Structure formats: C-alpha cells, structure tokens
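This is a predicted model, so every value here is computed, not measured. Each chain gets a letter, A, B and so on, in the order the sequences are listed, and its residues count up from 1.
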Amino acid sequence: AQSVAQPEDQVNVAEGNPLTVKCTYSVSGNPYLFWYVQYPNRGLQFLLKYITGDNLVKGSYGFEAEFNKSQTSFHLKKPSALVSDSALYFCAVRRTWGNAGKSTFGDGTTLTVKP
Amino acid sequence: NAGVTQTPKFQVLKTGQSMTLQCAQDMNHNSMYWYRQDPGMGLRLIYYSASEGTTDKGEVPNGYNVSRLNKREFSLRLESAAPSQTSVYFCASSEGGGGANVLTFGAGSRLTVL
C-alpha cells in the first residue's frame, strides 16, 4: 500500500517570508512524487514532480521541493511567499512499478499568505 | 485547447435518483480517472481507465459505475444516489497510466444529494 501524510492542515505565512508545506510518504520501492495546487472552485494544477536524480526539484511559480529518501519526505518550499500563493496544496505519490494509474493524494494543506 | 471538460458543474439530486457525470479530454491522453474530494480527506480515486476499453476500481468504487465511451470520453454514473455521495467530483487524464505521468484535472462537478 502507499500513503501520503500532510501533517499540517493549515500554514500561515507573511508575504515575503519563506514558506514550507510538509509531505511525507510511504511506498514500496522507489516513488514518483508530485505537488498539485488547487485555487478556489478550480481543479488541481500540477506544480512539480520528482522522478529520479537531483533531490531538489524546481517547478512552476517559483516553487521547489526537496526529496529526502531517508526521511521519506518531499517538502514544498518557496523563498518568498506571495499573497497569490494562497491556495490548497496536495502532495501525491505513485510507486515506480505496477499499479498503473493509482496515485495516492494527501489530505491537503491550506496555505494562507497575509500581506 | 479546452483540456478536460466536465458537465454538469452543479447538480442537486434526491436520494435514489440516478445521474451521469460526463468528462471529455482533447489532449489525446490514454488514461482517465474519476476522483471525489471531501473536506479533510483529500482526493480519493473512484475508478480509472488505463486505456480505451479498460476500466478498474479505485479506492471507493461502491455505488458508482463508469463507461469509457471512446478515447476522449469517460463517464461516471450514480445509479441510486445516496447522501454519502454528496461531494465534489473531479475527472482527470494523463498520457499514460503509470510512470511519472502528470494528471490534468477538470474544473469539478459539485453534487448534492438530499
């Protein structure tokens, strides 16, 4: 079985400060890891993914994520938050073998960036 | 380029009524999915279709049926709606069923069952 935990329901940061949204995962073997963002009344949009190689992955809108195999984590980061980053963020995992199509999502973290 | 289109956007049903959610994608993707989103529970996979002509159950398939009508279209049917099926439903598609393929989501269909 595979699972994702996003330990914080809510993250609040001030505009201009760095932000981190946490994600840990459990999967058999090696993982593919994803971050998606959902703005109000919209579908999810892809931000970035980890496949293999460099542990620091860069994605859209200045976001990046760091893969840590020993801690089974894939935290989303941004050096300087914008009010427009306020949204619901989902981490997802898929194992690299078998189980075609079955991505498992975390419960989501609401990010609020205050001016 | 519309991406993934879902209809209807909103629907209110009475317990026991049936309805079909429609989904179409124009990206020539092979795989399509139906998820439901409930507060505090993330997204849960209902059914998916790895390729045209195949469908498989996800985490929460009970009370639902699907049809992969052709490569573009994947519909979700509630035969006898229950209040527990009140949710926001998302259709998604990807180039392939496995690997590091990225999901492209529709805007969602909000369903209320009274």
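In terms of heavy-atom pairs under 4.5 angstrom with chain A, the leader among B:Asp56, B:Val88, B:Leu43, B:Thr104 is B:Leu43. Between chain B and the residues A:Tyr50, A:Phe90, A:Tyr36, the largest count of heavy-atom pairs under 4.5 Å involves A:Tyr36.
Expressed to the nearest 0.5 Å, how far CZ of B:Phe90 lies from CZ of A:Arg42 amounts to 10.5 Å. Between the CG atom of B:Leu45 and the OG1 atom of A:Thr104 there is a distance of 8.5 Å, given to the nearest 0.5 Å.
B:Gln37 touches chain A through its side chain: at least one heavy atom from C-beta onward sits under 4.5 Å away, while N, CA, C and O do not. Of the two parts of B:Arg110, only the side chain, counted from C-beta on, holds a non-hydrogen atom closer than 4.5 Å to a non-hydrogen atom of chain A. A:Ile51 touches chain B through its side chain: at least one heavy atom from C-beta onward sits under 4.5 Å away, while N, CA, C and O do not. For A:Leu33, no part lies near chain B; criterion is any non-hydrogen pair under 4.5 Å.
Counted within 6.0 Å of NZ on B:Lys71, heavy atoms from surrounding residues, nucleotides or ligands total more than 12; the atom is thus considered enclosed. The environment of B:Asn70 atom CG is dense: over 12 non-hydrogen atoms of other residues, nucleotides or ligands sit within 6.0 angstrom.
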| Trace of the side-chain contact (heavy atoms from CB on, under 4.5 Å) decision for A:Gln45 with B:Val102 | CA-CA 10 Å; A:Gln45 299 174 31; B:Val102 171; over 6 Å; no
| message | Could you go through A:Arg94 and B:Asn101, starting from their C-alpha distance and side-chain angles, then the distance that decides it, and tell me whether this counts as side-chain contact (heavy atoms from CB on, under 4.5 Å)? | response | CA-CA 10 Å; A:Arg94 183 190 294 156; B:Asn101 288 293; 4.1 Å; yes
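Under a hydrophobic clustering in which Ile, Leu, Val, Met, Phe, Trp and Tyr are joined whenever their side-chain heavy atoms come within less than 4.5 Å, directly or via other members, B:Val60 and B:Phe105 fall into different clusters. Cluster annotation: A:Leu44 is not connected to A:Tyr89 through the hydrophobic network of ILVMFWY side chains, with a link wherever side-chain heavy atoms come within less than 4.5 Å. A:Phe46 and B:Leu103 fall within a single hydrophobic cluster, where Ile, Leu, Val, Met, Phe, Trp and Tyr are joined by side-chain heavy atoms under 4.5 Å apart, directly or via other members. Under the 4.5 Å side-chain contact rule for hydrophobic residues, A:Tyr39 and A:Val11 share a cluster. In the hydrophobic cluster analysis, where Ile, Leu, Val, Met, Phe, Trp and Tyr join through side-chain heavy atoms closer than 4.5 angstrom, A:Leu47 is grouped apart from A:Tyr32.
Looking at residues two or more places apart in sequence or on another chain, you find no side chain to side chain donor-acceptor pair (under 3.5 Å) involving A:Glu8.
The stretch residues 11-45 of chain B participates, sequence neighbours left out, in these disulfide bond (SG atoms under 2.5 Å apart) pairs: B:Cys23-B:Cys91.
Listed in order of number, the residues of residues 106-115 of chain A that approach chain B to under 4.5 Å between heavy atoms are A:Gly106, A:Asp107. Within residues 52-75 of chain A, no residue has any heavy atom closer than 4.5 Å to a heavy atom of chain B.
Proximity of the aromatic rings of B:Tyr35 and A:Phe105 is defined here by a centroid distance below 6.0 angstrom, and this criterion is met.
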